[in-house]
Amino acid sequence: MHTSTLHTPGQRIGQAASALALLLLAGCASYDQQTAQFTSSTKTGSFASSVVEIDKQVAANAGKKDELIYRLEQGATMFSAAMADPTAVPDIRPAPAAAKKGEAPAAPAPEPTAAEVHKHYLARSVGAFDLAEARVNAWEEEAKVKLGAEVGAAFTNQANIPYRGRAYDKVMMNTYKAVGYLALGDKDKARVELNRSLQRQRDAVAANEKRIGALQDETEKAKNGQLKDESGKSAAYDPGKAQNDARTGPALQAALDASLAPMKPYGDYVNPFSVFLDGLFFTVLGEGGSDLERGRKSFERVASMVPENTFVRADLAAATAAAEGKAPEGVTYVIFETGTAPARDQVRVDIPTFLVSSRMPYVGAAFPKLKFNNDYIASLGVTAGDQTVQTSTVASMDSVVANDFKNEWPTIVTKTMITTATKAIVAAVAQKAAEDRGGMWAGLAAGLIMGAINSATNIADTRTWTSLPKEFQYARVATPASRELKIDAGGVQKTVVLEPGAVNVVYVKSASPSAPLLVSTFVLK
């Protein structure tokens, strides 16, 4: 006997709205959800998995809105792979060609040396950052032609607009390229990248001033109901008034305070590690008085930002001596990347809609907040001869990211409020109109469907470069006569043999206490 289940109109409407919400949510996974496997591999030091996973993500996002962020992750991942044990990363040899019928399979290519693997992945790192920079430059050129391009995204979820790169992304992109070129022995290209990194720090200040101006213009348009959604509908909304709401204001402030907790006063868009590397390069490799003076000034800037770092004070004294003709020699720098940079989580905050009726007086909006990773090795022990020192922090990336977040916050809040509240107001008006035309069930259907659409697309922009370190640290030691250093990272010890050179660099990386310790060396001079 055939049986059927009868549903009330309300049940059918609820089922349809639920199905619609599930369909929309399937395509709205946040960045941290999309990259969970890659992030886990990075933190545990599973380099083969990290390389394979990020290559897969880059291929899937080529030419799409998120290509830039994946290129940045790829560049940092290849940089780590270059430092890893060659047996822990994917084989760099091309797959052998399939044998033709009746022929013996071709002999496999000879196994690459450790130096060849190191160079291969360094080149891949620089290449990934080159492609990232091409995207950055394209976005910046477009912004010059189309001033205030993001204003048109007032009704678009911020996670759905193209990722154009934050200020610290661009600075670190060129900084990593400079380190890569130094490790590859190409000092001229390293100089170019340091110049670009410095310029990007300057450009970020001007870009922020333009962003503030554009935001003020957008706020006025929202208050006057001049911003329209994708279907041409609009509603007047005052985000400034909403931020002063007794319920909304404190919740937003709490999310901001949590995101700024570790912030140190480096100054807007300044990355002390990039400035340190600039000082090191121009002090050691300076080709004239202006270069040497640039090196001294860079160390002077870093010393003002991290006055507690005694190695920086020693470098400032050495840079002053270099400017007077006494070049530094017999020195080894141990640079230590430890931990991973903050991720972005999302928090729900109820914002007012200012509806005259009791229909939906508040609506939930998703805002980002920084989530800091405290699972890291606090410092690296370095023994050179009879001297043992601990590395000291030269740049907290937590602080660099938090400072950028602070400057971006007013734009994030205003755009999210305008988008979320205006869509809710338009939905409420549509629901009321449907109810007036078709009765209670028609109004309920319209409300549920619009609510499903808005809730499924209301996610915060959690895209962020997660494979950056938590801190850059360094130590400056006299090169021992044995040319051997011993390093100790939380009880894990390694001996490093230095190549002949007047100034050497030992680069060490630890993504977490459970990840393998990565060590590589190069001669700076």
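What you are looking at is a predicted structure, and each value in this text was computed from that prediction instead of being measured.
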Is the backbone N or O of [Y] less than 3.5 Å from a side-chain atom of [X], with the two atoms forming a donor-acceptor pair by type?
X	Y	value
Asp375	Pro513	no
Asp245	Arg247	yes
Gln473	Ala378	yes
Thr416	Phe367	no
Tyr181	Val126	no
Gln74	Ala132	no
Thr248	Asp350	yes
Ser40	Ala36	no
Thr340	Thr466	no
Asn309	Thr393	yes

Residue pair Met417, Gln243: steps toward the side chain to side chain contact (heavy atoms under 4.5 Å, CB included) verdict: CA-CA 9 Å; Met417 281 187 160; Gln243 289 179 60; 3.7 Å; yes
Side-chain heavy atoms of [X] within contact of [Y], under 4.5 Å:
X	Y	value
Arg71	Asn61	no
Thr420	Tyr237	no
Val192	Lys177	no
Val306	Phe276	no
Arg344	Asp461	no
Trp409	Leu260	no
Phe273	Val400	no
Asn407	Arg211	yes

Distance in Å, [X] [atom1] paired with [Y] [atom2], rounded so as to fall on 0.5 Å steps:
X	Y	atom1	atom2	value
Tyr70	Thr77	OH	OG1	12.0 Å
Arg166	Glu408	CZ	CD	5.0 Å
His120	Ser125	NE2	OG	11.5 Å
Phe47	Leu518	CZ	CG	4.0 Å
Leu380	Thr338	CG	OG1	8.5 Å
Ser392	Phe311	OG	CZ	6.5 Å

Derivation of the side chain to side chain contact (heavy atoms under 4.5 Å, CB included) call for Leu252 and Leu256: CA-CA 6 Å; Leu252 287 172; Leu256 179 61; over 6 Å; no
Asn174 and Glu133: side chain donor to acceptor below 3.5 Å: yes
Plane angle bin for Tyr333 and Tyr474 - parallel if under 30°, tilted between 30 and 60°, otherwise perpendicular: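 Ring orientation, 0 to 90° scale: parallel.
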Stepwise side-chain hydrogen bond (donor to acceptor under 3.5 Å, both in side chains) check, Ser197 with Thr175: CA-CA 6 Å; Ser197 177; Thr175 302; 3.1 Å; yes
Residue pairs fulfilling salt bridge (Lys or Arg N to Asp or Glu O under 4.0 Å) with at least one residue in residues 507-525, sequence neighbours excluded: Glu337-Lys509
Chi angles and distances behind the side chain to side chain contact (heavy atoms under 4.5 Å, CB included) call for Phe336, Tyr507: CA-CA 6 Å; Phe336 183 38; Tyr507 206 102; over 6 Å; no
Closest heavy-atom contact between [X] and [Y]?
X	Y	result
Met397	Pro469	CB-O, 3.1 Å
Met305	Pro272	SD-CG, 3.9 Å
Asp278	Arg294	OD1-NH2, 2.6 Å
Ser259	Phe372	O-CZ, 3.2 Å

Within 6.0 angstrom of Lys241 NZ, more than 12 heavy atoms from elsewhere: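 Count not over threshold, so no.
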More than 12 heavy atoms from other groups under 6.0 Å of NZ on Lys187: yes
Worked verdict on Arg196 versus Lys170 for side chain to side chain contact (heavy atoms under 4.5 Å, CB included): CA-CA 9 Å; Arg196 288 174 177 169; Lys170 302 172 188 179; over 6 Å; no
Residues forming a ring-ring contact (aromatic ring centres under 6.0 Å, His included) with Phe129, sequence neighbours excluded: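 Result, ring-ring contact (aromatic ring centres under 6.0 Å, His included) vs Phe129: Tyr176, Trp465.
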Verdict with supporting geometry, Asp488 and Gln493, side-chain hydrogen bond (donor to acceptor under 3.5 Å, both in side chains): CA-CA 4 Å; Asp488 185 316; Gln493 299 179 339; 3.0 Å; yes
